[in-house]
Amino acid sequence: MSAPSPTKAPADRPSAEPGPAGAGTEGRPRRSGTATAGRPHAAWALPGVLFFGFFAVVPMGLAFYLSFTSWDGLGDPTPVGLDNWRKLLDDDRMLQSLWLTVLLTVVSWAFQTVIALLLGVWAAGRQRNRAVLSAIFFVPFLLSSTAIALLFYALLDPNFGIIQENILGSSSGAFLAIVFVGGWQFIPFHTLLYQGGARQIPEVLYQAAAIDGAGRHRQFFSITLPQLRHTITTSTVLMVVGSLTYFETVLILTKGGPGTDTAVLPYLMYEAGFKSYDFGYASAIASFLVLAATGLSLILVRLTGFGGMRSTREGM
Amino acid sequence: MESINGRSSGGRPSGAGAAAGAGAGPGGRTFSRRWILGAGATTLLTTGLTACGSDSDSGGGGGTLTAFVYGDDAVKVQQAAVDRFNKSTAARTAKGKVKLERIPGAEYPAKLRTAMGSPSAPDIFFNWGGGSIKDYQEAKQVVDLTDTIENDPALKSGFLPAVLAAGGLGGRHYGIPMRGMQPVILFYNKALFAEHKLQPPTTWDQLQDINAKLKKAKITPFALGGADTWTELMWLEYLVDRIGGPEVFARIQEGDASGWGDPAVLKAAETVKELIDDGAFGSKFSSVAYTNGGAPAVFAKGKAAMHLMGSWEYSTQLGKFPSFAKNNLGWCAFPSVEGGKGDIRNVVGNPTNYWSVNTRAGNKDAAIAFLKDCASETYAKALVANGDIPTTANAAKLLDASPNPEFAKFQYEMVEKAPAFTLSWDQAVGSQTATPMLTEINKLFVGKSSPSEFVSALKELK
């Protein structure tokens, strides 16, 4: 989905290595052990690196360059120095978009994490009905976000939909619809992460807890949750970066409306670029998004100690 | 990503003409830099938005000319013209053929813009004339057709002069009319009007009287697809015209943003607010769209009694609710406003659409030969058969062949007799102004700004 985060996380690992000592001594030998056992040559990464470089780094660099120019898409860009960046700081709509983006990120995170975590832990059980249901739950993630948005747009039609209310025409209704549709699409993916994470938790921990008399709730809060903390970080980073770049659903469901009340940053960028043809300003917003997304994922990774992680079984 | 591949394979060996046109240094270098920038902007901003589509080789000497066209139902008329042209002697003489590329509706302007900045630009492109081609004209990407038209009697006297002029800028011609006229008309449901003993309004007082009676009968007076802001724009266009006359917007169109401060604009905005507060559009209009068929369905099913819409509403209804279109669809001019300066015969809307030629087109002779076909009677007849009203000078005598001659004649006379034809505001002003203008209009309609806030926001627009 978004380019910066997946590369940032692994790249961050070596630099954080000297930091947290905890399990370091135990982790290190295991690591070099795998290195001697037929580690692939660096050249193997070449196709991936080239692909990423050409389709992510180069366009990003160009957008950054364009953010210092004025360009209407025709002819040549004219350098304008910091004008676009100054406008960015000055623009009331930018401020509103930033606030909406933050709000969307936080609300989506809360909505998706709670449901995905519970569903994921539930789905981690080995019962057959759970396996069947988890497969069904996963279906929305396989659909294209455009198709999902169009589907919900039809369902929310005020005259001919299933809920005949003016949902997309009211500010809070439109916002919550976007949160809901986003959740509907991405919860399955995060459920899968949590399902995998929960299955990694050794059974012995629960057995020991049971002997000590811990009930189901106690087991969930004292074993499952702490054991899942790296999964929570991963899932959070993906959700945050995903929310920052959330676009198609907004375009199709609300076009940023009513008024400008759901015009999140990516939509504002689209509007500046492909409605007003002010590619310089659009690129400034895009660059800001890249910086914000990268910065946020770095901060999240640092804060949670994710960078020092040796193995998902750390803490055992 | 697909578009990048398409673009690189479609790259033309000689970009010299284009670079010279843009007035920039030596051809090759400028060209490739622009390609990279275009590619970069496209990848970054559209990830997944721009579908492929542009796999055609543009120009490239004699071969095939690419024509971008707005891909709606009416495109069959252009397709027939292309097929006719490719078999004609004109095509053989000019050694060129035309290939039509249909770009699906709403994203047409963005797609055209991206393509025009890249090597796979179309040779011929559909547009709305006026403000919609201003940027291309300034970038010297559109061929000046003035001399071509002057030297060709078929073109010069073939079209209604006002319509031909609206395709140009600063007195020069850049476009040839190629579709039907699209005035905005007040449509009404004849069955509902008969049931409640109503007559189509000619004054604002009558309109308010009708609204009151309809509301009493629990019928929404007007259908409005407010999720598409341009439907709301039509109300302001007509109200400003009826209240302050066509001069008010003409001044704004010429670039004088203080023209928004004209009392007529404020009065129009206040009138809109009254209508909304009064429930004239119902309570849900802000989430009803036109483009997905919502508003036309509300209107056709009798939930709303009237609909202010472009003349294409007729063919939309004919397609979706044929019996409604044939039996119950009525039409009239937008009523005059008591004490207002605007003539009830004034029209707003789009005069028509135009073909323009890219200065980079490899074979301009073939492109112009293709454009000339739009003035032919065969082409006009094809438009009429499709329910459109051609903008050709001789269209009146063809209208009997229309699927609905009565509606066709009403439209033709409406445009022919109009003392003033105001181009849709969003097409008349440049795209940099149109986008924030539409946003402000939407805010007014959803109650996010008051009429006076609306006016002061518009005055801030460049």
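The shown structure was predicted, so the numbers you read here are calculated from the model rather than taken from an experiment.
For A:Glu165, the CD atom is loosely surrounded, since the number of other residues' heavy atoms within 6.0 Å does not exceed 12. For A:Trp109, the CH2 atom counts as loosely surrounded, since its 6.0 Å shell holds 12 or fewer non-hydrogen atoms of other residues, nucleotides or ligands. Residue-environment remark: NZ (B:Lys134) stays at or below the threshold of 12 foreign heavy atoms within 6.0 Å.
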Give the intermediate values and the outcome of side-chain contact (heavy atoms from CB on, under 4.5 Å) for residues B:Lys301 and A:Phe160. CA-CA 11 Å; B:Lys301 292 188 175 174; A:Phe160 309 103; 3.6 Å; yes
Is there a side chain to side chain donor-acceptor pair (under 3.5 Å) between B:Lys448 and A:Thr260 once you walk through the steps? CA-CA 9 Å; B:Lys448 295 286 161 193; A:Thr260 53; over 6 Å; no
Begin with the C-alpha distance, continue with both residues' side-chain angles, and end with the deciding distance and a verdict on side chain to side chain donor-acceptor pair (under 3.5 Å) for B:Ser286 and A:Asn166. CA-CA 7 Å; B:Ser286 54; A:Asn166 190 15; 3.2 Å; yes
Does the pair B:Thr439 and A:Arg93 meet the rule for a side-chain contact (heavy atoms from CB on, under 4.5 Å), with working shown? CA-CA 11 Å; B:Thr439 304; A:Arg93 287 205 58 194; 4.0 Å; yes
Step-by-step side-chain contact (heavy atoms from CB on, under 4.5 Å) determination, A:Tyr277 to B:Thr435: CA-CA 10 Å; A:Tyr277 306 117; B:Thr435 311; over 6 Å; no
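Among the candidates B:Glu138, B:Glu440, B:Lys303, B:Lys284, the residue making the largest number of heavy-atom pairs closer than 4.5 Å to chain A is B:Lys284. Ranking A:Gly259, A:Gly61, A:Gly256 against chain B, the residue ahead of the rest is A:Gly259, based on heavy-atom pairs under 4.5 Å.
Put simply, CD on B:Glu107 and NZ on A:Lys275 are 5.0 Å apart, with the number rounded to the nearest 0.5 Å.
Heavy-atom distances place the side chain of A:Lys255, and not its backbone, under 4.5 Å from chain B. Using a 4.5 Å cut-off between heavy atoms, B:Ser283 touches chain A through its backbone atoms (N, CA, C, O) alone. Within the 4.5 angstrom heavy-atom criterion, only side-chain atoms of A:Asp157, from C-beta onward, approach chain B. For chain A, no part of B:Phe445 is nearby; none of its heavy atoms comes within less than 4.5 Å. At a 4.5 Å heavy-atom cutoff, the contact between B:Ala227 and chain A is made by backbone and side-chain atoms alike. If you measure heavy-atom distances from A:Glu248 to chain B, you find no contacts under 4.5 Å at all. At a 4.5 Å heavy-atom cutoff, the contact between B:Asn292 and chain A is made by side-chain atoms alone.
A side-chain contact (heavy atoms from CB on, under 4.5 Å) with B:Ser287 is found for one member of A:Thr254, A:Leu168, A:Ile167, A:Asn159 and no other, namely A:Leu168.
In terms of modelled atom types and a separation under 3.5 Å, the side chain of B:Arg113 and the main chain of A:Asp72 share a donor-acceptor contact.
Between B:Val288 and A:Pro158, the shortest heavy-atom distance links the atoms CG2-CG, 3.6 Å.
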